[in-house]
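Structure first, commentary second.
Throughout, protein chains are lettered first and strands after them, A, B, ... in sequence-line order, and every chain is numbered starting at 1.
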2 protein chains.
Amino acid sequence: MASNTQAPAALDVIAVLHALADPVRLDIVRQLRESDTAIACGRFDTRVAKSTLSHHFKTLREAGIIATHRDGGQALNTLRTAELEASFPGLLGAIFRQAQP
Amino acid sequence: MASNTQAPAALDVIAVLHALADPVRLDIVRQLRESDTAIACGRFDTRVAKSTLSHHFKTLREAGIIATHRDGGQALNTLRTAELEASFPGLLGAIFRQAQP
DNA sequence: GAGCCTGTTCGACGATCATGGAACAGGTGG
DNA sequence: CCACCTGTTCCATGATCGTCGAACAGGCTC
């Protein structure tokens, strides 16, 4: 099944902040934000092992930040922008606005 | 000296998010936000020991989220709203907007 | 100066976490 | 069917973290 651990009923502030407070995970979210299409787990630019990546995806999924849709052999990840904006309007914008110098 | 560990030169996203991703610390920030005056360390409504509180203040200070000004016997804490808004405009607003039902 | 109040520092302990390798499970394609 | 490819699960390990009590350090006030 694709149901590793799916999104919670309501977004928890602590869980969301904790999920974003990691360099690898924040980078995953950044890449998802900068992409206009879903990204497969193996297509992310990271320097961590495959199993570590999978663990980070699980954390992001449990926090309700990303959604994973199984599509045949691969798993496509998308940002749950709508839910995120509904609970914490402008959060991702506030976090990534400082990126560009 | 009042210089326990003071604010960093520039705010680090990871440090800020990590500092906010704790129930006790987030509650401290919330109380500071809802107050219009500085609050002494001992005046916060928490259920943790004094030493634990001090440790949380240190974390918030090192992340650049709060500033502590020594005033005689006590230490007055304030939110570094200006610096926070400069680096991550709307971050605190996004986090606390979901508080009220 | 003797207390007292406020906040920090110092271990210490248990829990959580990030990480990686190996084994495993589905799906795809020869 | 037999290789691949993709992603998850299962330990295990080393690091970080939240928590507390006790000791310590300044500043006030009798």
Return all side-chain donor-acceptor pairs below 3.5 angstrom for residues 31-43 of chain B, not counting sequence neighbours, or 'none' if the list is empty.
from	atom 1	to	atom 2	distance (Å)
Gln31(B)	OE1	Asp45(B)	N	3.1
Gln31(B)	NE2	Asp27(B)	OD2	3.0
Gln31(B)	NE2	Asp45(B)	O	3.2
Ser35(B)	OG	Thr37(B)	N	3.1
Ser35(B)	OG	Thr37(B)	O	2.8

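For the OP1/OP2 pair of dT19(C) and a distance below 4.0 Å, the side-chain nitrogens and oxygens of Thr52(A) include no atom meeting the criterion.
In this structure, Leu53(B) places its CG atom 14 Å from P of dT9(C), rounding to the nearest Å. Put simply, NE2 on His55(B) is 15 Å from P on dG11(C), counting in whole angstrom units. At whole-Å resolution of the value, CD in Glu62(B) and C1' in dT9(C) are 13 Å apart. Rounded to an integer number of Å, the gap from Leu60(B) CG to dG18(D) P is 10 Å. The separation between His18(A) atom NE2 and dT16(D) atom P is 14 Å, rounded to whole Å. Across the protein-nucleic acid pair, Phe57(A) atom CZ and dG20(C) atom P stand 14 Å apart, rounded to whole Å. Here the P atom of nucleotide dG7(D) and the CZ atom of Arg70(A) are 8 Å apart, to the nearest Å. With rounding to whole Å, Arg25(A) atom CZ is found 8 Å from dT19(C) atom P.
Thr59(A) places a side-chain N or O within 3.5 Å of a backbone atom of His55(A) that can act as its donor or acceptor partner.
Counting atom types as modelled, Ser51(A) pairs a side-chain N or O with a base atom of dG21(C) as donor and acceptor under 3.5 Å.
Here the nucleotide nearest the side chain of Gln74(B), chosen from dG20(C), dG7(C), dC20(D), is dG7(C). Comparing dG20(C), dT9(D), dT8(C) by their closest approach to the side chain of Arg61(B) singles out dT8(C).
Residue Cys41(B) is the one, among Asp22(A) and Cys41(B), whose nearest nucleotide of DNA chain C lies closer to the 5' end (criterion: closest heavy atom).
Ring centroids of Phe57(B) and Phe44(B) are separated by less than 6.0 Å, placing the two rings close together.
Annotation: side chain to side chain donor-acceptor pair (under 3.5 Å) contacts involving residues 13-25 of chain A, sequence neighbours excluded, comprise Arg25(A)-His56(A).
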